[in-house]
Protein chains: 4
Amino acid sequence: MPNPARPSLTPRKRPRQARAAVTVDAIFEATIQLLIRSGADSLTTTRVAERAGVSVGTLYQYFPNKQALIYALNERYLETLAAKIEATCTAQNGQPASTMLKALIDAYWRAKTERPEVTRALYRSVADLDNSALIEAFASRVDTATTAMFASACDADFADLASVNLTLVTVIFGTVRNVFERGLDSQDAEKLQGQLCLMCDAYLKALDGSSIAQPR
Amino acid sequence: MPNPARPSLTPRKRPRQARAAVTVDAIFEATIQLLIRSGADSLTTTRVAERAGVSVGTLYQYFPNKQALIYALNERYLETLAAKIEATCTAQNGQPASTMLKALIDAYWRAKTERPEVTRALYRSVADLDNSALIEAFASRVDTATTAMFASACDADFADLASVNLTLVTVIFGTVRNVFERGLDSQDAEKLQGQLCLMCDAYLKALDGSSIAQPR
Amino acid sequence: MPNPARPSLTPRKRPRQARAAVTVDAIFEATIQLLIRSGADSLTTTRVAERAGVSVGTLYQYFPNKQALIYALNERYLETLAAKIEATCTAQNGQPASTMLKALIDAYWRAKTERPEVTRALYRSVADLDNSALIEAFASRVDTATTAMFASACDADFADLASVNLTLVTVIFGTVRNVFERGLDSQDAEKLQGQLCLMCDAYLKALDGSSIAQPR
Amino acid sequence: MPNPARPSLTPRKRPRQARAAVTVDAIFEATIQLLIRSGADSLTTTRVAERAGVSVGTLYQYFPNKQALIYALNERYLETLAAKIEATCTAQNGQPASTMLKALIDAYWRAKTERPEVTRALYRSVADLDNSALIEAFASRVDTATTAMFASACDADFADLASVNLTLVTVIFGTVRNVFERGLDSQDAEKLQGQLCLMCDAYLKALDGSSIAQPR
DNA sequence: AATGAATGAGTATTCATTCAT
DNA sequence: CATGAATGAATACTCATTCAT
């Protein structure tokens with residue numbers, strides 16, 4: 001429930017006509033570019049509009065304020081990301097757990113590394129914004145998808161699936177974030193991806209022998 | 001080599017007298033408080049000075065600009081954190097790897113969770129700031145300490161210690177960060193800490209059987 | 001009780017040093033000049049500051065927002081006006097009612113006509129502003145002063161002093177306002193002032209014969 | 001002669017068809033509503049159009065600019081008011097002066113009090129607008145009507161009718177305005193209306209005995 | 001050393017008005 | 001005739017920083 005005191009973060013109007021959609025996309029793209037080049041601090045609505053090739057007024061027709069613009073940008077980003085993860089999960093239905101893990105790690109890693117500057121820029125922009133709602137929505141979508149996937153594994157049965165799922169997702173996502181934070185080069189990153197797979201696999205196998213997960 | 005174009009981030013003068021140290025501490029504390037309460041966006045030097053009980057002029061006697069203040073704050077924070085990790089690593093010398101892992105995870109987790117709002121505030125404030133230098137210095141200190149520790153493990157010999165160390169540190173730090181990002185409650189967090197230990201342990205054991213690590 | 005939702009109208013800080021007082025006075029004077037020349041609509045804080053010979057920032061050190069500036073200006077104006085009326089009332093203590101009336105009308109009329117453009121400018125500027133609090137405070141001060149004066153009249157005793165006082169004050173003030181509104185020339189205005197005295201006098205005499213006021 | 005520099009205040013086109021008249025009326029009504037609710041400052045053409053249920057474009061078909069809209073609104077208002085006063089004056093032809101006075105005061109008072117928020121809103125909106133032309137036209141119509149009325153009084157002959165008329169009209173109109181300005185409650189207002197009648201009556205009687213008015 | 005008044009460039013945001021559809 | 005997306009000049013207000021006292 002958003003605090004009614006603080007200004008709205010919801011878009012002012014949805015683009016109905018084709019050209020309006022183009023306008024909104026241009027604004028989003030311009031925002032990303034500026035975020036990458038100069039960071040969130042020097043992001044001004046005027047510059048965004050300028051770069052997008054529209055007037056400030058137009059920008060404000062679609063976003064009630066600057067925060068709402070950044071918010072919407074993150075929303076769009078997370079939505080795309082969630083969709084990718086969901087697709088991956090669906091595709092892995094019935095596979096062995098180890099294959100699933102590899103696929104999940106790979107999909108997430110790839111999505112984040114595809115346009116690394118975008119990832120970095122958004123990681124940063126998000127900072128001051130109160131986007132917990134977005135994060136929560138994203139987390140919930142992902143949880144649902146990955147949980148369903150792991151539940152369908154042909155070679156494992158998890159006693160406490162929720163816990164296992166939370167662990168895996170948190171570790172994977174966190175590791176990726178930290179790779180960006182430390183600015184690891186792609187060689188290190190690649191090696192690390194492999195080690196992460198290994199680690200998660202080992203984790204599942206360890207569970208297998210414990211009281212949490214039972215061999216089938 | 002710092003870019004000469006961007007303003008200096010180094011403090012203007014070091015506090016020599018006792019009361020000056022008090023002043024600087026008050027400024028740091030005030031900054032943290034404001035960061036927690038209202039976020040980096042509404043952090044102004046005037047407000048920091050006000051809350052610290054000094055005049056703006058005084059603040060500028062110690063910090064050449066706002067960035068330098070935040071930079072110094074993070075520096076102080078990371079220094080403390082690094083020191084804690086180093087202490088932990090030293091204390092674990094010669095222990096079994098599993099014990100080391102547990103200790104490292106616990107130490108880091110505790111340091112971050114002690115004053116969660118501070119952690120969160122700093123995670124955020126850092127965003128726009130170009131603090132890669134800080135992060136790198138911190139990472140390097142930590143790497144040295146943990147590498148030395150793992151090398152001394154009484155029950156393991158790592159074929160590629162650097163790789164193993166990087167993996168563990170990245171995974172652990174990243175996981176903690178993600179716990180904050182998702183805003184997990186303390187119950188979930190605690191459970192996750194246990195699972196993380198389990199996972200790292202399993203990782204080491206898996207390495208044991210592979211070509212990377214050889215049993216002694 | 002001011003609505004806490006709308007921005008404060010109270011000054012940000014009181015000028016303590018002599019030069020600060022000069023600054024504030026310059027701002028007030030500049031505001032009046034601009035109000036006279038171009039009206040409230042085109043009054044911008046930038047222009048006020050410019051004309052006052054200070055920076056916008058300085059203006060905002062003393063007034064939290066534009067409204068507060070106009071509010072303070074009116075406050076100052078009404079305070080001066082109230083003081084003049086109070087002085088007049090005090091001076092008339094014990095005089096015959098007719099003399100009092102003449103003095104009151106004369107004092108108010110003169111105060112308003114002294115700098116007619118200022119009067120006109122303030123009449124206008126007040127429009128959108130919620131200055132009912134100011135008006136009320138002013139009215140209350142005036143009521144007290146005039147009531148005390150009329151009560152001391154050596155030749156009359158009012159059965160319903162409150163009512164008589166309200167009538168006289170409302171009629172006098174209203175008439176003056178309307179003179180400005182219609183833009184009467186000074187000849188007409190002067191004649192009207194005389195007629196107003198006559199009318200008020202006649203009113204008091206009429207009351208004398210009625211049940212409201214008793215001859216002593 | 002209107003200043004050619006300032007934008008025209010005359011309507012762009014007169015509504016010829018019935019539905020156009022409805023549109024214009026809706027725009028007027030919407031303007032009044034917004035004026036009442038939020039004041040002249042936050043009155044925007046977009047909002048007026050929205051509330052009137054038409055597009056901004058349509059609004060601009062009838063009014064060349066925002067000022068013209070407010071101007072026209074006041075014009076309409078003053079026209080109605082003038083008509084009411086003229087009707088009252090005509091109806092009083094040949095009556096005793098005292099009756100006339102009572103009728104005039106009553107008519108004006110009633111017209112202003114009927115929709116007090118409208119009165120207040122228009123009193124305010126007018127402020128910045130250069131509507132002296134409107135006021136003058138209104139004053140002239142009223143003067144003609146009241147002068148004719150008083151000239152027909154069956155029981156009085158005024159030596160300086162113009163002066164008497166100006167006095168009465170100014171006092172009455174001004175008093176009413178001040179009642180609104182001070183925000184008197186209806187009880188006080190009613191009492192004041194009575195006292196005003198009394199006062200004006202007394203004024204006429206006083207003139208009777210002086211050199212200005214001669215008994216017939 | 002400390003103070004805090006003054007500065008003014010810079011920013012978010014609004015809104016009257018136009019004009020292509 | 002009607003629409004409403006686009007415009008961009010204009011404005012209130014902030015805040016890092018300086019410097020005279």
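To find a chain, count down the sequence lines: A is the first, B the second, and so on, and within it residues start at 1.
For Arg47(C) and Gly57(A), each mapped to the nucleotide of DNA chain F holding its nearest heavy atom, the one lying further toward the 5' end belongs to Gly57(A). Remark on DNA chain E: of its neighbouring residues Thr58(B) and Thr44(D), the 5'-side contact belongs to Thr58(B), judged by nearest-heavy-atom nucleotide. Mapping Ser55(A) and Leu43(C) onto DNA chain F by nearest heavy atom places Ser55(A) at the nucleotide closer to the 5' end. Taking for each of Ser42(A) and Gly53(C) the nucleotide of DNA chain E with the nearest heavy atom, the 5'-most of the two is the partner of Gly53(C).
Straight-line distance from the CG atom of Asp41(B) to the C1' atom of dA16(F): 15 Å, rounded to whole Å. To the nearest angstrom, P of dC15(E) lies 12 Å from CG of Leu34(D). Here dA12(E) presents its P atom at 9 Å from CD1 of Ile70(A), a figure rounded to the nearest Å.
Side-chain proximity of Val54(B) to the nucleotides dT3(E), dT13(E), dC15(F) is greatest for dT3(E). When the nucleotides dA5(F), dT13(E), dA12(F) are ranked by their closest atom to the side chain of Thr45(A), dT13(E) comes out on top.
Here dT18(E) sits opposite dA5(F) as a Watson-Crick or G-U wobble pair (both hydrogen-bonding atom distances under 3.5 Å). Base pairing of dA1(E): no nucleotide in any strand meets the Watson-Crick or G-U wobble criterion (both distances under 3.5 Å).
In this structure, Tyr62(A) reaches the dA6(F) phosphate: one of its side-chain N or O atoms is under 4.0 Å from OP1 or OP2. For the OP1/OP2 pair of dT11(E) and a distance below 4.0 Å, the side-chain nitrogens and oxygens of Thr46(A) include no atom meeting the criterion.
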- [ ] Apply the test side-chain contact (heavy atoms from CB on, under 4.5 Å) to residues Gln67(C) and Asp41(D): give CA-CA distance (whole Å), side-chain angles for both, the deciding distance (0.1 Å), then the verdict.
- [x] CA-CA 12 Å; Gln67(C) 297 294 318; Asp41(D) 251 18; 4.1 Å; yes
Task: Residues Val54(A), Gln61(A); criterion side-chain contact (heavy atoms from CB on, under 4.5 Å); working and verdict - done: CA-CA 11 Å; Val54(A) 300; Gln61(A) 295 244 331; over 6 Å; no
Open item on the list: side-chain contact (heavy atoms from CB on, under 4.5 Å) for Leu35(B) and Leu73(B)? Distances and angles first, verdict last.
Closed with: CA-CA 11 Å; Leu35(B) 237 28; Leu73(B) 184 65; 4.0 Å; yes
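Here the side chains of Ile27(C) and Phe63(C) are in contact, with some heavy-atom distance below 4.5 Å.
Although no hydrogens or angles enter the test, the distance criterion places a donor-acceptor pair under 3.5 Å between the side chain of Arg47(A) and the main chain of Ser42(A).
Taking 3.5 Å as the limit, the base of dA6(E) and the side chain of Gln61(C) contain a donor-acceptor pair of atoms between them.
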